[in-house]
There are 2 protein chains.
Amino acid sequence: MNDVAAAAGVALKTVSRVVNNEPGVNTATAERVQAAIDRLGYRRNDGARTLRQGRTSSIGLVIEDVADPFYSGLSRAVEDVALGHDYLVFTGSSGESPTRERDLVLAFCARRVDGLIIVPAGEDHEYLTPEVDAGIAAVFADRPPGAGPETDIVLCDNSSGSRAGVEHLIAHGHRRIAFLGDSPAIFTAQERLRGYRQALAAAGLPYEERLVAMGPGDQARVQADVERMLSSPEPPTALFTGNGRMTVATLRVFASLASFAPPGVRHGGGAEPMERPALVGFDDFELADLLKITVVAQDPVGLGRTAAELLFQRLSGDDGPPRRVELPTRLVDRGSGEVGPGS
Amino acid sequence: MNDVAAAAGVALKTVSRVVNNEPGVNTATAERVQAAIDRLGYRRNDGARTLRQGRTSSIGLVIEDVADPFYSGLSRAVEDVALGHDYLVFTGSSGESPTRERDLVLAFCARRVDGLIIVPAGEDHEYLTPEVDAGIAAVFADRPPGAGPETDIVLCDNSSGSRAGVEHLIAHGHRRIAFLGDSPAIFTAQERLRGYRQALAAAGLPYEERLVAMGPGDQARVQADVERMLSSPEPPTALFTGNGRMTVATLRVFASLASFAPPGVRHGGGAEPMERPALVGFDDFELADLLKITVVAQDPVGLGRTAAELLFQRLSGDDGPPRRVELPTRLVDRGSGEVGPGS
DNA sequence: TGACCGCTTGACAACGTCGTCACCGGCCCG
DNA sequence: CGGGCCGGTGACGACGTTGTCAAGCGGTCA
């Protein structure tokens, strides 16, 4: 900018005015400055600008994993809202590690992002208190934070969604319904389990420990749990899976159990030691339509958009009490809940 | 930092030394300073730091769409490499718009990112020349740039992969193979078409315009093209789809054409006006294994990792001639190429 | 004629950090 | 006893911007 000013024979401040389209610059002068800018290939240094102005026009987004379709949808929505406000987005994946979540958040804070959108991996968010006190806005998405500052929160209505999914199975005559969920440490897993229990209770069905398995979503674990349940004396006739990864893993288990009939096709005989159970999954996924899997659909885009919109309201001065938004889920019936007893 | 210095009764510079773990500070002094830092909840302003130091320890990543699994895999890989170097990542989706690509890149440049990884949407990258001259490193991934500065480039071996996929179909007896590709303006679409033609030529098969359809990957377009081809007098017995979205769209078309037999199951009669054609897709996708779709798998993670590694080599001083890396593809045979004439 | 106005322009400090250099006191060595 | 060295500390400017304030200038109005 110094060079531009020298080249155009004006003061620094005049160049600044031209660059920022501030009024009060003679047209001829402005043209001369613009010419110098073009000639020298000058571009404003936004780093210095933000230092001077005290806001960076950037936000930080911490999610579990960009490569997970659920979070990448959320991510894209956040990005779109941010770009609409001329904000840039730092993205980071925590990979479910509380340490990495914290490191990322603090790195973003050191960069003085104006706001944060966080899908928390950890339980303790006290580390955020000084940052929030320092004026950084924060919104939690998908899961509520642990102990820490009061912030806006955007969630899916996990328990109602889960309950609706399980009720759908019950309505089709299922009485022994298994629940496969994420690690109990994860909020959404707990909530979905809660919805499952509510649905059972409302229908007067017993809650059986042996039909509930929670843990990481890797194929081996799911395979073991599903096989164990299905080969037990009184196997479940339906499965409810607690997230998209579990649903897909379960489908792979089904595929690996060659004795299953294809979906919708029944075995000939009456005895069905290994008939393919009904399945309803929490969270929609690509190709679920082709595979005809009934799901409780969340709205990752809505989650991201809402979180970003709340954040920008805060950034534009709203300092009302913290809000907690719960987005509804939607049961998408594709038929996989119908197989089995009741159909 | 000023406040901390005052609170600890030392000079600014001493605080700076403590914060940066610089040697030459008396242990007692350091403790006093550290206490003041903790008490005041001070955190270094990395914005000011980068201004002073001339590098921002951040890179910009411009892709087509974070929500697309191919790019989100790439994105995650870039992020992991960057975090390994203590770099932060700005992410932006261009949505195939050259203007938005350019705006994003220039916004990142104004923020003085140290480097850029770009999946180009546009054809003209002259706008990058001043930035690269100014010292910003750039690497193009997945597609080569149009006119502009010489930079490192990381691609998939599109034509070979495509050729291998089509040869697989030919090897299974197919003679009329349709090609459904992305818009011809897109580099990868052109390359994959080239591979298709090479395979045909090598097998002595004619190239027929009527069997080639290129354009956007929306369901309606694909539906129209596939239906037109399949209902033509001499319909293709196999389809080769040019990217994951096309493959999925084509599967949906198959599902909508109720007259098709399920995969692997043949119609009873000899005449087969609408037998389900064989299908091989470029690009793997989740659940392709369950749907038993043969694909030419790319390696989005490898693409992202390689691009990031090249970038960091540049950032650490490597100024050798521009490099062009082509990553191999891999044919994953799941049986969907076998249906039809030869099987 | 002089006070005042609007328009244009510029000088200067400040944002928060770090690199450079200088300073101070104590100690060793000749 | 004097010079040099060293560990510890601080003053100051610079990075590239922008906000504040003031000044120059020509013209208008009382």
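Side-chain atoms are counted along with the backbone in the values below, which use heavy atoms only and exclude waters and symmetry mates. Here is how names work: the chains are called A, B, and so on, in the same order as the sequence lines, proteins then strands, and each is numbered from 1.
- Listed here is the closest heavy atom pair of Thr56(A) and Arg111(A): CG2-O, 3.7 Å.
- Salt-bridge annotation for Arg102(B) and Glu131(B): absent, with no side-chain N of the basic residue lying under 4.0 Å from a carboxylate O of the acidic one.
- With sequence neighbours left out, the ring-ring contact (aromatic ring centres under 6.0 Å, His included) criterion links Phe90(B) to Phe90(A), Phe108(B).
- Between the CZ atom of Arg111(A) and the P atom of dG16(C) there is a distance of 17 Å, given to the nearest Å.
- At least one side-chain nitrogen or oxygen of Thr14(B) sits closer than 4.0 Å to the OP1 or OP2 atom of dG10(D).
- Tyr87(B) and Phe312(B) have perpendicular rings, their planes meeting at more than 60° on a 0 to 90° scale where under 30° would count as parallel.
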5' to 3', nucleotides 13-19 of chain D under a 4.0 Å protein heavy-atom cut-off (B base, S sugar-phosphate only, - none) gives BBBBBBB

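- Salt bridge present: Arg100(A) and Asp80(B) bring a charged side-chain N and a carboxylate O closer than 4.0 Å.
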Using distance only, find each side-chain donor-acceptor pair of residues 298-310 of chain A under 3.5 Å and give its atom names and separation, not counting sequence neighbours.
from, atom 1, to, atom 2, distance (Å)
Gln298(A), OE1, Arg192(A), NH2, 3.4
Asp299(A), OD1, Gly302(A), N, 2.9
Thr306(A), OG1, Gly302(A), O, 2.6

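- The distance from atom CG of Asn26(A) to atom C1' of dG6(C) is 14 Å, rounded to the nearest whole Å.
- Within the structure, a side-chain polar atom (N or O) of Thr29(A) is placed less than 4.0 Å from OP1 or OP2 of dT9(C).
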